[in-house]
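These notes concern the structure reproduced below.
Proteins come first, then strands; the chains are lettered A, B, ... in the order of their sequence lines, and each starts at number 1. Since this is a predicted model, take the numbers as computed values, not measurements.
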Protein chains: 2
Amino acid sequence: MAATTRTRSRMSVPERRALILDAATQLIGDRGFRGMSLRDVAVLAGITEAGVLYHVGSKDGLLVAVLEHRDEVDMASLAERLGVDVETLDEDPLPVTLPALCRALVDRNALQPQIVRLYATLEAESLEADHPANAYFRERETWALGLFARAATTSGVEDPARTSLAMLSLMDGLQLRWLRDPTRIDLVHEWEALSEVFLGGPRA
Amino acid sequence: MAATTRTRSRMSVPERRALILDAATQLIGDRGFRGMSLRDVAVLAGITEAGVLYHVGSKDGLLVAVLEHRDEVDMASLAERLGVDVETLDEDPLPVTLPALCRALVDRNALQPQIVRLYATLEAESLEADHPANAYFRERETWALGLFARAATTSGVEDPARTSLAMLSLMDGLQLRWLRDPTRIDLVHEWEALSEVFLGGPRA
DNA sequence: GTCTATAGGACGATAGAC
DNA sequence: GTCTATCGTCCTATAGAC
């Protein structure tokens, strides 16, 4: 933790950057990208607005940095829960069943409502064509639909594309309700009950 | 259309108000409540910011006015599609089946993506406890869950509460995907396919 | 009833000191 | 690397003319 130079900073660039991204992640989840200001981020990260801009260039740059960071972290944690390598998630015969994939996602999401809220907020906000995250969410949706469809194929479902759309939609809608009042809905339990109806009984 | 006084205005108060609410409705759907400014509304409505504030008091007041107006219009259109009176929607043995209720909603929503987008945007934005529409959406969700549950009971479903949650979640998630790319998804057609799986075959 | 004018902030971003 | 200082813009809201 000791400074290696005689500059004033007591923190390395990656550490400071991580602190900024954490602050932004929390604030976007709370207030949305538009509802959050660089000042809010700066205060929460313990530096000034100019300091934040030095690291991420612009407000839009901050959003991009946050999303890229989340992609890395979330992909890794998903792969870990599924017991496969990260690259495996892109293979075509996917060695993961649809119920297993869904359960891994729901179990993880239940532990990080803040992150789920970040995505829920940005997903709606970015519907506008001019939003800085519009392209990102377009690609993300295509990727997710593909992943679910490959898992559905592995599970031997009749109509993989449609089932993929259904499970993803159901999951998003349920999570939105869970976010509104986490005490009213037990996400994991409710998902299990709902997916049984849709997939016809529980499986490994 | 002739002015009844010698003032400058060429429009009655209700007319001007309707124009303002229309403008705000469109802009909230496009950019969210936080992403939209009173100036934007004023320009689209053809008056100044001060003019807008005269009619709705404040920016938050504008949001309330928009939501109240939508409640009126949307409840009436839903009742009409179902062939019942508006008050009937609050009765406890609800004389409407769940598939009929869902189909009426989806059919109508397919014709007004702008309004669906307004709700999708605000629903996410208002997750924050301090948002001016937070209480509104909390109550709206409770009401919707109740309506769906009563329809489920009428349809003789085993678990009305859970089925209600499932259908509402599925509908929201599907609509979000439809909003992102309306050309990729035929909302009405896709809903029919998905709900068949969930409700076990089509019914009147 | 709608305007002009303006108050009074908050915002994103830049320049330059340290 | 982070700061201070500042610019120019946008914002909501109010006061008062017409």
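Rounded to whole Å, the distance from CG on A/L53 to C1' on D/dC3 is 13 Å. One interatomic measurement links the two molecules: OH of B/Y54 to C1' of D/dG16, which rounds to 15 Å at whole-angstrom precision. A straight line from CZ of A/R34 to C1' of D/dC10 spans 14 Å, rounded to a whole angstrom. One atom, CG of B/L38, and another, P of C/dT2, lie 16 Å apart when rounded to the nearest Å. To the nearest angstrom, C1' of D/dT2 lies 8 Å from CD1 of A/I47. Atom CD of B/E49 and atom C1' of D/dT12 are 8 Å apart (whole Å). Per the geometry, CG belonging to B/L63 stands 15 Å off C1' belonging to D/dT12, to the nearest Å. Following rounding to the nearest Å, A/L19 (CG) and D/dG1 (P) show an atom-to-atom distance of 16 Å.
In summary, the side chains of B/T183 and B/D181 do present a donor paired with an acceptor at a separation below 3.5 Å, with no hydrogens or angles considered. Side-chain polar atoms of A/S77 and A/E80 form no donor-acceptor pair below 3.5 angstrom.
A sub-4.0 Å separation between OP1 or OP2 of D/dT2 and a side-chain N or O of A/R16 is present. Using a 4.0 Å cut-off, no side-chain N or O of B/S37 falls inside it from OP1 or OP2 of D/dC10. Considering only side-chain N and O atoms, B/R39 lies under 4.0 angstrom from the phosphate OP1 or OP2 of D/dC11.
Nearer the 5' end of DNA chain C, as judged by each residue's closest nucleotide, is the contact made by B/T48, out of B/T48 and A/G57. Residue whose closest nucleotide on DNA chain C sits further toward the 5' end, between A/A50 and A/D40: A/D40.
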Chi angles and distances behind the side-chain hydrogen bond (donor to acceptor under 3.5 Å, both in side chains) call for B/S37, B/D40:
CA-CA 5 Å; B/S37 73; B/D40 298 332; 3.2 Å; yes
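Taking the ring centre of A/F33 as origin, the terminal cationic atom of B/R34 falls outside the region bounded by 6.0 Å and 45° from the ring axis.
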